[in-house]
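This report refers to the structure that appears directly beneath it.
Keep in mind that this is a model prediction, so the values were computed, not measured. Just so we're on the same page: letters track the sequence lines, and every chain starts at 1.
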Amino acid sequence: MAQSERIKPLGRLLQRDFFEAPPERVARLLLGKILVQRTRGRKPIAGRIVEVEAYLGPHRQPADPAAHSYRGPTPRNQVLFGPAGHAYVYSIYGRYFCMNVTCEREGRAGCVLLRALEPVEGLDQMARNRGLDGCPTLLASAAADARRVGIGRELTSGPSRLCQALGITRSAHNGVDLLDPSSPLELRDDGTRAGRVLVTRRIGIRHAVELPLRFAIAGNGCVSGPKSMRRASVFSPSCSVR
DNA sequence: AGGCCGATCCTCT
DNA sequence: GAGGATCGGCCTA
């Protein structure tokens with residue numbers, strides 16, 4: 001009974017064909033899904049995906065010069081050219097990691113960057129992983145007030161923050177299959193609908209700045225970025241909120 | 001609320 | 001040898 005109660009709220013594993021589609025499509029579909037991190041002998045850590053960005057493979061026309069795959073396969077990005085539904089984890093600025101989900105068939109390097117989660121399970125462990133456990137006030141209110149107070153933003157709002165909260169690293173997680181029940185990282189569907197979706201330009205890039213490839217659950221308090229990037233008017237009217 | 005800055009190191013040119 | 005899909009602290013207002 002305790003087992004089924006623990007597993008049920010995290011839903012069922014996603015299927016491969018879910019990811020064998022263009023990244024713009026997979027990005028929207030991933031909103032509301034759950035990322036679960038399992039470590040042997042530890043309780044699972046889980047968060048709901050509330051913000052993502054799509055990066056297009058070099059086979060696309062026009063190309064996406066902001067994508068890591070833009071100049072073709074290299075040792076770092078080879079996972080992107082492999083099969084769909086795997087984790088591409090890379091290090092950035094010497095201190096942090098970011099996690100992507102691979103899309104499309106093998107040979108096509110589209111992917112989706114996870115930019116923010118809403119904490120679902122293991123909030124205390126997230127706080128420890130983020131180094132926030134020195135603050136008793138934050139820890140005490142974390143579980144109950146995650147949505148209202150904003151501890152959720154501190155924990156998992158940002159591509160590197162969410163990796164830190166879930167203990168995701170390149171050495172441990174780059175290339176893992178997200179659809180394998182024995183994998184340390186899983187993507188699951190508990191039936192939650194994303195609702196209205198905010199569409200904007202992508203954050204923090206220098207090339208192809210104008211493309212509307214960032215997707216977030218409209219109004220969700222865990223979405224990252226400055227306030228201007230969390231409102232409905234950031235991009236052209238035709239693609240702001242759907 | 002928003003802007004600037006430094007940390008810090010791996011990857012590719 | 002340059003630069004980056006970031007973050008947190010500090011500043012101004």
Legend entry - For Y70(A), the rest of its hydrophobic cluster, which grows through side-chain links under 4.5 angstrom: none
Inset, instruction - Evaluate the side-chain proximity of M99(A) to L35(A): yes if any heavy-atom separation is below 4.5 Å, no if none is. - result: yes
Report all side-chain donor-acceptor pairs from residues 79-92 of chain A shorter than 3.5 Å, counting only partners two or more places apart or in another chain.
{"unit_1": "H86(A)", "atom_1": "ND1", "unit_2": "G175(A)", "atom_2": "O", "d": "3.2"}
{"unit_1": "Y88(A)", "atom_1": "OH", "unit_2": "H68(A)", "atom_2": "ND1", "d": "2.8"}

Inset, instruction - State which residues pass salt bridge (Lys or Arg N to Asp or Glu O under 4.0 Å) with R60(A); sequence neighbours excluded, sorted by chain then number. - result: E24(A)
Inset, instruction - Tell me, please, which residues at least two apart from R25(A) pass salt bridge (Lys or Arg N to Asp or Glu O under 4.0 Å). - result: none
Legend entry - R95(A): partners by side chain to side chain donor-acceptor pair (under 3.5 Å), with sequence neighbours left out: none
Inset, instruction - Check each residue of residues 49-68 of chain A for a non-hydrogen atom within less than 4.0 Å of any atom in DNA chain B, then write out the ones that pass by number, or none. - result: none
Inset, instruction - Spell out protein contact along nucleotides 1-13 of chain B as letters: B when the base is contacted, S when just the sugar-phosphate is, - when no protein heavy atom is under 4.0 Å; keep the 5' to 3' order. - result: SS----BBBSSSS
Inset, instruction - Pull out every stem in DNA chain C, meaning runs of 3 or more consecutive Watson-Crick or G-U wobble pairs with both distances under 3.5 Å. - result: B:1-7 with C:6-12, B:9-12 with C:1-4
Legend entry - Of P159(A) and R206(A), the one whose closest DNA chain C nucleotide lies more 5': R206(A)
Inset, instruction - Not counting sequence neighbours, which residues clear side chain to side chain donor-acceptor pair (under 3.5 Å) with N100(A)? List them please. - result: none
Inset, instruction - Please step through side chain to side chain contact (heavy atoms under 4.5 Å, CB included) for the pair Q125(A) and K43(A), ending with a clear verdict. - result: CA-CA 9 Å; Q125(A) 186 61 50; K43(A) 288 193 281 191; over 6 Å; no
Inset, instruction - Scan residues 15-59 of chain A for pairs that pass ring-ring contact (aromatic ring centres under 6.0 Å, His included), counting only residues two or more places apart or in two chains. - result: none
Legend entry - Polar contact flag, side-chain donor to acceptor under 3.5 angstrom, R161(A)-Q164(A): no
Inset, instruction - Check every nucleotide of DNA chain C for an atom under 4.0 Å from a heavy-atom of chain A, then give the first and the last such nucleotide from 5' to 3'. - result: dG4(C) to dG8(C)
Inset, instruction - Check whether any side-chain heavy atom of V26(A) sits under 4.5 Å from a side-chain heavy atom of P22(A), and report yes or no. - result: no
Legend entry - Counterpart residues, side chain to side chain donor-acceptor pair (under 3.5 Å), relative to T39(A) (two or more places apart): Q37(A)
